[in-house]
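Beneath this line is the structure, given in C-alpha cells, with notes to follow.
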Protein chains: 2
Amino acid sequence: MKVTGDQALVKKINRSLVLHTIRKHSSTLSRARVSELTGLNKATVSNLVAELCEQQLVTEVGPGKSSGGRKPLLLHFNAMAGTVIGIELRVKQLKAVLCDLGGNVLEERDHALERHDLSYVLEAMKKVISSLMESAPDTPYGTVGIGVGVPGMVDENGVVLFAPNLGWEMVHLRQLLEEAFSVPVTIDNEANAGAQGELNFGAAKDVRHLLYISAGSGIGSGIIIGGELYKGARGYAGETGHMCIEADGRPCTCGSRGCWELYASEKTYDTADVTLPAHNTPELVRLASTGNEAAREQFAQMGKYLGIGVTNLINSFNPELIVIGGALSEAREWLAGPMQAVVAERTLPYHKQQLEITFSRLGSRGTMIGAGFAAVMHFLGHARVTL
Amino acid sequence: MKVTGDQALVKKINRSLVLHTIRKHSSTLSRARVSELTGLNKATVSNLVAELCEQQLVTEVGPGKSSGGRKPLLLHFNAMAGTVIGIELRVKQLKAVLCDLGGNVLEERDHALERHDLSYVLEAMKKVISSLMESAPDTPYGTVGIGVGVPGMVDENGVVLFAPNLGWEMVHLRQLLEEAFSVPVTIDNEANAGAQGELNFGAAKDVRHLLYISAGSGIGSGIIIGGELYKGARGYAGETGHMCIEADGRPCTCGSRGCWELYASEKTYDTADVTLPAHNTPELVRLASTGNEAAREQFAQMGKYLGIGVTNLINSFNPELIVIGGALSEAREWLAGPMQAVVAERTLPYHKQQLEITFSRLGSRGTMIGAGFAAVMHFLGHARVTL
DNA sequence: TCGACTTTGTATATTGGTTAAACAAAGTTT
DNA sequence: AAACTTTGTTTAACCAATATACAAAGTCGA
C-alpha cells in the first residue's frame with residue numbers, strides 16, 4: 001500500500017517505538033530511560049506514555065532505585081490488556097493456545113484431525129477458537145486477534161496458496177476466519193511462526209540472524225535477518241523442504257526429485273528401506289531410548305541428512321544461531337550428534353566460528369505462540385521506517 | 001539505525017515518494033497527476049516539486065495535452081543532474097561504466113585482472129574510476145557515487161565478508177574506496193546488482209517477484225520480492241551457488257559437497273569428465289555455433305543442472321519471472337532447451353502457470369548498471385515506511 | 001539539618017511540515 | 001461568449017515534535 005508521510009504517521013511511528021521499547025523491557029524502564037533509548041524527546045515520551053496509559057497498554061508500576069536524583073517511575077507493559085489465540089494447524093492435529101499480549105499461555109487445546117478437507121478443518125478450528133474465547137479472562141480489550149500457522153505457502157492476504165500436506169490450494173483462510181469471528185486474523189507459514197516464537201520468547205531471544213528449521217511431517221524454515229522475519233511476500237521464503245539434495249533422488253509430490261524433506265523428515269518413515277519398528281516420532285523416540293538399534297539408526301540417518309540441508313542454509317544465510325524445532329526436535333538426543341558431525345565436516349571454518357546449533361526451547365508450543373504473537377503485533381501496530 | 005519520527009522524516013518520505021514517482025514516469029506526469037498517484041495533497045506536491053526543481057533533479061518540460069481544462073505542465077526527471085560509476089568485479093576482469101542518474105551508459109571501461117590480491121585489485125579499481133571520473137561530462141552534482149558488484153557475500157557496511165573466487169575475506173572495500181575518492185560507495189553482491197539492473201532497466205521492468213540467476217564462474221541469485229531487493233543483511237540471501245544438489249557429490253571449496261555451481265557454472269570446465277574442446281564460455285559458444293557436438297553436449301548438461309537448481313528456487317520463491325544472466329547467458333541458445341525441459345518436468349503445475357524464464361536483456365552490462373543504480377538510489381534517497 | 005546538586009517528569013512557546021479550501025490561471029465545450 | 005474543467009498556487013489552520021524552562025523528588029556532603 002502507498003504510504004504518505006504526515007503527522008499521524010509520525011505519531012504512529014513514535015508510539016510504536018515507545019510501546020515496543022517498554023514491552024521488551026517491561027517494568028525496568030522510566031520515561032527518561034525510554035527517551036534515551038529511543039532518541040525521542042522527554043516531552044514526546046511523556047505524551048505518548050500518557051496516551052498508552054489511557055489505553056491501558058502501559059501502567060506505572062512504582063518507583064525504582066534512584067541514582068542520585070528523583071526516583072524513576074517504572075513503566076510496565078500491561079500484557080493482560082487483552083488476549084490472542086494462537087493456532088498451529090498440523091496434518092493430524094489442531095493445536096491452539098490462548099495467550100496474553102506477552103506470549104504467556106493461559107489456556108491450551110488439542111484437537112485430532114481425521115480429514116483435511118476445508119469444511120471439516122474449518123469447523124474444527126471454529127470449535128476450538130470458540131472454546132478458547134469463552135475461557136478467556138475479562139480484559140479491557142478482550143480477544144484482539146487470532147494467529148494461525150499453517151504448513152504451506154501463504155501470501156500477504158492470508159491466502160493459503162499451497163499446502164501439499166493438506167491438499168489445499170488457494171484457501172482464503174484469513175477471510176473465512178475473520179468473517180466467522182469478526183476479529184483480525186493473521187496467517188503465517190508454520191516455520192515463520194515458529195521462528196517468531198523462538199525469537200521473542202524462546203531459545204533465540206534478541207538474536208539478529210536466526211535460522212529456524214521446523215522438521216516434522218515436512219521441513220520448513222523461518223529466517224530472521226537483522227532481527228526481523230525475512231518473509232518476503234509472506235511464507236514464500238523458507239520453503240526449503242523442497243531443496244533438492246539428490247539430483248536424481250526419489251520423486252517428490254512437489255514435482256521435483258530428491259527433496260530434502262524426503263530424507264530428513266517424518267516422510268522417511270513411509271519410504272525407509274529397512275522395516276522400522278514404528279512409524280511415528282513419539283514411538284520411535286520411546287524405542288530409541290530403550291536401546292532399539294533400528295530406531296537409533298533411523299534417527300542417525302535423518303540427522304545426517306538434516307545436517308546436509310542445514311549446511312546449505314548456513315552457506316547461504318550465515319546465521320548466528322540455528323534452532324531446530326517441530327515434532328522431530330523430540331528426537332534431539334539421537335539427531336544432534338550425526339547432524340553436528342555433518343555440519344562440522346561440510347561448512348567453511350569461516351562460518352563455524354560464530355555458529356551455534358540448538359533445539360527449540362518452546363517445544364511443541366513454539367509455533368502456536370509465534371502465531372499468536374503475530375496477532376499481538378498486528379493489534380499493537382508496528383510502524384517503522386527504512387531509509 | 002534507530003529512526004524516530006519527526007517532520008524532517010515526513011518530508012524525506014514524501015520527497016522520496018514524489019521524486020521516484022517522477023523518475024519512473026519521466027516526462028509524462030503533471031503535478032496534479034503526481035498528487036493523484038501518491039495520495040499527497042496538490043499543495044504538498046507543488047512545494048516538493050519546487051524544491052526538486054531548485055535542486056535541478058526535476059525540470060518542467062513543457063505543456064501536455066489538455067483533457068478539457070488547463071494544460072498540464074509535464075515534469076521531467078533530470079537524469080543528467082549527475083553521474084555515477086558502476087563497477088563489476090569479476091574473477092579475471094574489471095568492468096566499469098559511467099552512467100547518468102537514469103542508468104544510461106555514457107562511458108565504458110574494461111580492465112584485465114592478472115591477480116586477485118587486494119592491493120593489486122584496488123589499484124586497478126582506482127585507475128579505472130579515476131579515468132571514468134575524468135571523462136565525466138560537466139553536471140550540477142558531478143559524480144555522486146560509486147557502486148560495486150562483487151562475487152561474494154557483503155554485509156550492510158560494505159565489507160566483503162567472503163569472496164571465495166577472489167580469495168577475499170573481510171575486506172573493507174567501501175571504506176577503502178570512500179577514503180580514496182571522498183564519494184559515497186555502495187557495495188553489493190554481484191547477483192543482487194544484476195537483479196536490480198534487470199528490474200529497473202532490463203528484462204524485468206516493474207516485475208514484482210523476480211528471481212535473477214547469475215551464472216558465470218559461480219552461481220548467485222538476486223531475489224526481488226514485492227518489487228524490492230530481498231537482501232536481508234545484504235548479500236547473505238541468494239548465495240545459492242552452494243545449494244547442495246547431490247548429497248554425496250563432488251567436494252566443493254565451500255566445505256560442502258555436490259554444490260550447484262559445481263555442475264552448472266564455468267567450474268564444470270575444469271572437472272568435466274570428457275575432454276572439452278575449450279575451457280571458457282566465449283570459445284565454447286563459438287564452437288557450439290559451428291556445430292561442435294562436445295561443446296553442445298557440455299551446455300546441455302549444464303542446462304539440465306541449471307534447471308534442477310532453478311526448480312528448487314521456483315519451489316521456494318514462486319517468482320513471476322526468472323532472468324538468467326552472467327557470462328553463461330551468452331550460451332542461451334544451447335542452455336535454454338535442456339533447462340526448460342527439466343523445469344517443466346519437475347515443478348508443480350501450480351507454479352508453471354504464471355512463470356516465465358528469460359535471459360538477461362542488459363547482457364554483460366547488467367551488473368555494472370545495477371551496481372551504479374544502487375549508487376543513484378543512495379544519492380537520491382529512498383525513505384519509506386512499513387506499517 | 002540544611003543547602004547544593006541530580007535526576008525525573010511536566011508545561012510552554014516555537015517550529016515546520018501537511019492539509020483543506022478558496023482562488024487564480026488556462027484550457028475546452030456548447 | 002458563457003459555462004464548465006482542469007491545473008496549479010495561496011492562505012490559514014492544524015498538529016506533533018522539540019528546546020527550554022521549570023517543578024518535583026530524590027541524594028549527598030558538611
Side-chain angles (χ1 to χ4, degrees), chain A residues 2-19 21-22 27-54 58-76 381 383 385, chain B residues 2-19 21-22 27-54 58-76 381 383 385:
Chain A
K2 193 135 288 180
V3 181
T4 66
D6 59 4
Q7 284 171 323
L9 178 74
V10 168
K11 192 162 184 184
K12 249 187 225 165
I13 291 169
N14 291 342
R15 191 194 102 112
S16 192
L17 204 54
V18 169
L19 176 55
T21 302
I22 296 172
S27 304
T28 66
L29 299 181
S30 63
R31 288 166 173 80
R33 192 92 187 79
V34 171
S35 165
E36 282 173 34
L37 284 175
T38 58
L40 290 165
N41 187 282
K42 285 194 296 176
T44 309
V45 171
S46 264
N47 285 332
L48 290 170
V49 166
E51 196 170 290
L52 291 169
C53 284
E54 261 179 42
V58 169
T59 54
E60 290 180 344
V61 78
K65 275 178 206 158
S66 160
S67 60
R70 173 173 165 180
K71 282 183 182 169
L73 266 168
L74 298 186
L75 299 169
H76 173 74
V385 180
Chain B
K2 195 134 286 183
V3 181
T4 65
D6 59 4
Q7 284 172 322
L9 178 74
V10 167
K11 190 163 185 184
K12 248 187 223 165
I13 292 170
N14 291 342
R15 191 194 101 114
S16 190
L17 203 54
V18 169
L19 176 56
T21 302
I22 295 172
S27 303
T28 65
L29 300 181
S30 63
R31 287 167 175 79
R33 192 92 185 78
V34 171
S35 165
E36 281 174 35
L37 283 176
T38 58
L40 291 165
N41 187 281
K42 284 193 296 176
T44 309
V45 171
S46 265
N47 285 333
L48 291 170
V49 166
E51 195 173 299
L52 291 169
C53 284
E54 261 179 42
V58 169
T59 54
E60 289 179 345
V61 78
K65 274 177 206 157
S66 162
S67 60
R70 172 173 166 179
K71 283 183 183 170
L73 265 168
L74 298 187
L75 299 169
H76 173 73
V385 180

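By convention in this document, chain letters (A, B, ...) are assigned in the order of the sequence lines, proteins followed by strands, and residues within each chain are numbered from 1. Atoms considered below: every heavy atom in the structure, side chains included; atoms not considered: hydrogens, waters and symmetry mates.
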Can any side-chain N or O of [X] pair as donor or acceptor with the backbone N or O of [Y] at less than 3.5 Å?
X	Y	result
A:S35	A:R31	no
B:S30	B:L74	no
A:S16	A:A383	yes

Nearest-neighbour nucleotide for the [X] side chain, [options] considered:
X	options	result
B:D6	D:dA17, C:dG9, D:dG8	D:dA17
B:T44	C:dT19, C:dT8, D:dA19	C:dT19
B:L48	D:dT18, C:dA20, C:dT18	C:dT18
A:V10	D:dA19, D:dA17, C:dA20	D:dA17

Atom [atom1] of [X] to atom [atom2] of [N]: distance rounded to whole Å?
X	N	atom1	atom2	result
A:E60	D:dA25	CD	P	13 Å
A:K65	C:dT7	NZ	P	17 Å
B:L75	D:dT7	CG	P	12 Å
B:K12	C:dT18	NZ	C1'	18 Å
A:R15	D:dA17	CZ	P	12 Å
B:E36	D:dT7	CD	P	7 Å
B:L29	D:dT7	CG	P	12 Å
B:N47	C:dA20	CG	P	14 Å

Which atom pair, heavy atoms only, marks the closest approach of A:L40 to A:T44?
CD2-CG2, 4.4 Å
Is any side-chain heavy atom of [X] closer than 4.5 Å to a side-chain heavy atom of [Y]?
X	Y	answer
A:E60	A:L75	yes
B:V18	B:L52	yes
A:L19	A:V58	yes
A:Q7	B:V10	no
A:I22	A:V49	yes

Where do N or O atoms of nucleotides 27-30 of chain C meet protein N or O atoms at under 3.5 Å, pair by pair?
| from | atom 1 | to | atom 2 | distance (Å) |
| --- | --- | --- | --- | --- |
| C:dG27 | N2 | B:G68 | O | 3.3 |

Phosphate OP1/OP2 of C:dT10 contacted by A:R31 side-chain N/O (<4.0 Å)
yes
Does C:dA20 have OP1 or OP2 sitting under 4.0 Å from an N or O in the side chain of B:N41?
yes
By the 4.0 Å heavy-atom rule, please label A:S46 as base, sugar-phosphate, or nothing.
base
Counting any heavy atom closer than 4.0 Å, what does A:A43 reach on the DNA or RNA strands: base, sugar-phosphate only, or nothing?
base
Between A:N14 and A:K42, whichever has its closest DNA chain D nucleotide further toward 5' is A:N14
Write out a two-atom table: protein N or O, nucleotide N or O from nucleotides 13-16 of chain C, distance below 3.5 Å.
| from | atom 1 | to | atom 2 | distance (Å) |
| --- | --- | --- | --- | --- |
| C:dG16 | O4' | B:Q7 | OE1 | 3.3 |
| C:dG16 | N2 | A:Q7 | NE2 | 2.7 |
| C:dG16 | N2 | B:Q7 | NE2 | 2.2 |
| C:dG16 | N3 | B:Q7 | OE1 | 3.0 |
| C:dG16 | N3 | B:Q7 | NE2 | 2.5 |

Salt bridge (charged side-chain N to carboxylate O under 4.0 Å, His left out) contacts in which one or both residues fall within residues 4-18 of chain B, not counting sequence neighbours:
B:K11-B:E51
